[in-house]
Amino acid sequence: MERTAAGLISRAAHELGLRADELTAEVEQRLRHELPALWEDPDVARTAAENVVEHVVAALAGLEHAVEPDLIELPSADVERARVLARHGTPLSAMLRAFRLAEEVVLDRLFAELPRLSQDAEQVSAAARQLNVVSTKYVDRVSEQGVRAFQAERDRRLRWRSAMVNEASMCIGTTLDIARTTQELADFATEQFADLVTVDLLDTVLRGQDTAGQSPLTLRRMAQGPDADAGGLQPPVRPQELHVCPEGSPCAEALSSGRPSRQQHGRASGAPRAHSTLVVPLRARGTTLGVAEFHRYGTAKPYDDEDLLLAQEIAVRAAVAVDNARHYTHARATALTLQRSLLPREAPRQSAVDVAYRYLPAGSESGVGGDWYDVIPLSGARVALVVGDVVGHGIRAAATMGRLRTAVRTLADIDLPPDELLTHLDDVVLRLANEASSDPDPGPEADVGRDNGATCLYAVYDPVARRCTLARAGHVPPVVVVRDGTADVLELPPGPPLGRGGLPFETMEVDLPEGTLIALCTDGLIEARTPAGATGKDPSAPTGAAEDPTPDIDAGLATLRQVLARPAPSLEAACDSVLEALLPSRPDDDVALLLARTRSLGADRVATWELEADPAVVARARSDVSRKLTDWGLEELAFVAELVVSELVTNAIRYGRPPIRLRLIHDRSLLCEVSDAGSTTPHLRRARVFDEGGRGLLLVAQLAGQWGTRHARRGKTVWAELSETAEFPALAFE
């Protein structure tokens, strides 16, 4: 019988060591019962089992040979096992509790051995006390070492996860394009921690709704990675294809609950050969957008809780980027729809010019802007050509553009000269700016109309005189190309941008031969950066050197002149050539381009008579008109034209000032014009029963399809348009 407690402990440890297999099985059974989470993951279970065996053997050997607790050699793999537990997301408390539970089992068995080996109660008691001290010191030592290794691994994993999340934040959401953003998520995940990634968005969300809709949910495959077929492991659904999320599937559960999950043995939808899958919903600002699935195949380690947490954090950032892209896409589509609805759908019928035009919204994240163009038929067979640009982007800029285009058309209808029209338009922009500044809830685009307002170029071409009158308000000057191919920039008086107020605008008149090409554009065309493949960049510049962002207007105009000087089979082809030469694939600003080739109305289509201010000339004027209409083959209009001319000439003689001129223009319709030097504008009124006058203009208004007055620098012109197809109402006067 041993005389000392140490000897008794040594014998008990020796006896128990002979049955170490039974002891380790008992410890493992206790751990499985008390800490079942340690046995759910195969890697963690194997680590726990190895720990049990090696620590039981090491502890019993130390007790048998009476080694001090601080000197007992710990298992060499103990530190690595602690790291494994940390990598798998095992709680530190579970690891520490496992040590204490194992200690309890081993001590209980040792305590049971002591009375069997010694009848000395005092010796057994002393041995028991010594065992408590030794086991506590040993477990404390093991726990401290495990905690240090565990925490070091957790810190390393946290740093790695933080680095991954930061890298994901830089790689995902580089644009406001939904498809590209989702593909960036798929590409990043396949590079870092997945063999295959699929990203699906709810079809209802893509169509602008914030609700998932009714089950079964319909998803659109937006992205997957890798792009190449990885050994036939690609899912059956391809990008941009619609597919249904089955009820009860991990995908449906993630979408309905908003919670991620880990799936084993290919339970996730769309990847039956995956042995481990993370299903993570994409949620942003309270809205479920879709779901991302991360798959691992073959020999790759199954996903653990740390991987799930990483996927969640990346998905959160990706979801915000997708939501931003979604809102931008919907806002851009709305603004673009509004913009296009406010632009001319087709060129109006007129004989002054042949036209072709293009409008391209900005391809950058700045969004749709306020560029516009217009072709407005005017009296006297003339036509107005307009190009303008509103400061800012988005719906507000598009709406402002629509209001300015309407204002230009209204001012053009009263035949204002270009400089006066721009002066009135300047007042309109000032009023819009005041409205924007007083808006109590301006929103993110309230800067529209406040800074510089807008620019505009307004040109009026007269095919009879072959003369063009132009004025601009801070806008890009036009380019004119004559038939011999000479292209020049018209150096118009610049004029201030609209919205400055109080500053004058000036006009310029130029004679343009028939067939002259006039090009009007917005600054987005000539300030665009050099397109891909174009010359102009220094070939010796280092790779990756940034291009000079400063727009070169002169260079842009020079290129525009060069392109327009080249022969083109049509105006449409010329438009395409200009855009190809001057624009990158995704222009930073809106672009409006209007090309017009001038035509002329020769002397055979125009008749002019100078009239004396004598009522006797009215009858002669009617006769002259009748003869000219006969020459033109317009006899059917003779009666109506004589009535209209008679009334207009009579009014000019009675209320105007000489000289008086009568002009007929045979265009798509018959235009009758009477000019005089007076400035008094005739007004339509209804004559009473006993009034001797006041019926002339009423008669003209009933007979003519359109009529009006336009003012010149000196005098005015009253005009009426008559059509061969018009149906004239019965004339009745009270």
Side-chain angles (χ1 to χ4, degrees), residues 1-40 44-79 81-82 84-85 90-147 149-150:
M1 182 177 296
E2 297 293 338
R3 299 289 183 182
T4 64
L8 183 58
I9 292 174
S10 177
R11 283 197 60 195
H14 176 75
E15 293 294 330
L16 202 56
L18 298 176
R19 303 188 302 276
D21 291 343
E22 297 178 8
L23 181 58
T24 55
E26 185 178 347
V27 172
E28 183 174 325
Q29 183 179 4
R30 177 74 179 275
L31 293 180
R32 286 179 179 272
H33 181 265
E34 298 286 341
L35 296 172
L38 289 177
W39 309 95
E40 292 177 355
V44 176
R46 183 173 62 255
T47 298
E50 291 172 353
N51 251 3
V52 168
V53 172
E54 294 192 12
H55 276 292
V56 167
V57 171
L60 292 179
L63 291 174
E64 181 180 357
H65 297 92
V67 180
E68 291 294 324
D70 294 340
L71 299 179
I72 295 178
E73 185 176 356
L74 301 180
S76 59
D78 197 41
V79 172
R81 293 193 186 107
V84 170
L85 295 177
T90 304
L92 179 60
S93 58
M95 185 184 74
L96 296 179
R97 178 155 174 74
F99 290 151
R100 293 302 177 188
L101 289 174
E103 178 190 18
E104 289 180 10
V105 173
V106 173
L107 281 180
D108 287 345
R109 291 294 299 273
L110 285 171
F111 289 157
E113 286 293 325
L114 295 179
R116 190 176 66 82
L117 298 175
S118 174
Q119 301 298 319
D120 186 342
E122 183 176 349
Q123 187 184 36
V124 170
S125 178
R129 289 194 300 272
Q130 188 172 343
L131 271 176
N132 274 324
V133 172
V134 172
S135 65
T136 299
K137 288 183 178 181
Y138 178 80
V139 171
D140 286 348
R141 181 185 167 202
V142 172
S143 298
E144 289 175 4
Q145 176 179 276
V147 167
F150 188 96

Original post:
Is there a donor-acceptor pair under 3.5 Å between the side chain of S118 and the backbone N or O of P115?
Top reply: no
Original post:
Can you list the residues that meet the side chain to side chain donor-acceptor pair (under 3.5 Å) rule with E34, with sequence neighbours excluded?
Top reply: R97
Can you give each donor-acceptor pair under 3.5 Å made by side-chain atoms of residues 60-69, sequence neighbours left out, with the distance rounded to 0.1 Å?
{"residue": "E64", "atom": "OE2", "partner": "H14", "partner atom": "ND1", "Å": "2.8"}
{"residue": "H65", "atom": "ND1", "partner": "A61", "partner atom": "O", "Å": "2.9"}

Original post:
Are R46 and V84 side-chain neighbours, meaning at least one heavy-atom pair lies under 4.5 Å?
Top reply: no
Subject >> Minimum heavy-atom distance between A149 and V79, given as atom pair plus value >> reply: CB-CG1, 3.6 Å
**OP:** Would you name the heavy atoms of V27 and A102 that are closest together and state the gap between them?
**Re:** CG1-CB, 3.7 Å
Subject >> Pairs flagged by side-chain hydrogen bond (donor to acceptor under 3.5 Å, both in side chains) wherever residues 98-108 is involved - sequence neighbours left out >> reply: R30-E104, R100-E103, R100-D140, E103-S135
Subject >> Considering all heavy atoms, the nearest V106-L16 contact >> reply: O-CD2, 4.3 Å
Original post:
Looking at residues at least two apart in the chain, or sitting in another chain, which of them share a side chain to side chain donor-acceptor pair (under 3.5 Å) with R32?
Top reply: E28
Subject >> Minimum side-chain heavy-atom gap V134-I9 below 4.5 Å >> reply: no
**OP:** Keeping the roles fixed (side chain from S143, backbone from V139), state whether a donor-acceptor pair exists under 3.5 Å.
**Re:** yes
Original post:
With side chains defined as the heavy atoms from C-beta onward, is the minimum distance between P75 and R81 less than 4.5 Å?
Top reply: yes
**OP:** Assess whether salt bridge (Lys or Arg N to Asp or Glu O under 4.0 Å) is satisfied between R116 and E113, documenting all intermediate values.
**Re:** CA-CA 5 Å; R116 190 176 66 82; E113 286 293 325; 2.6 Å; yes
Original post:
Out of curiosity, S10 OG to E15 CD, how far, rounded to the nearest 0.5 Å?
Top reply: 10.0 Å
**OP:** Check side chain to side chain donor-acceptor pair (under 3.5 Å) between T136 and all other residues, then give those that pass, not counting sequence neighbours.
**Re:** none
Subject >> Residue pair A82 / F150: nearest heavy atoms and the distance that separates them >> reply: O-CD1, 3.6 Å
Subject >> Interatomic spacing from CD in Q130 to CG in L114 - rounded to 0.5 Å >> reply: 10.5 Å
Original post:
Can you name the side chain to side chain donor-acceptor pair (under 3.5 Å) partners of Q145, sequence neighbours left out?
Top reply: D78
Original post:
Between R141 and L74, is there a donor-acceptor pair closer than 3.5 Å when you use the side chain of the first and the backbone of the second?
Top reply: no
Subject >> Over all atoms of both residues, closest heavy-atom pair of L23 and R109 >> reply: CD1-CG, 3.6 Å
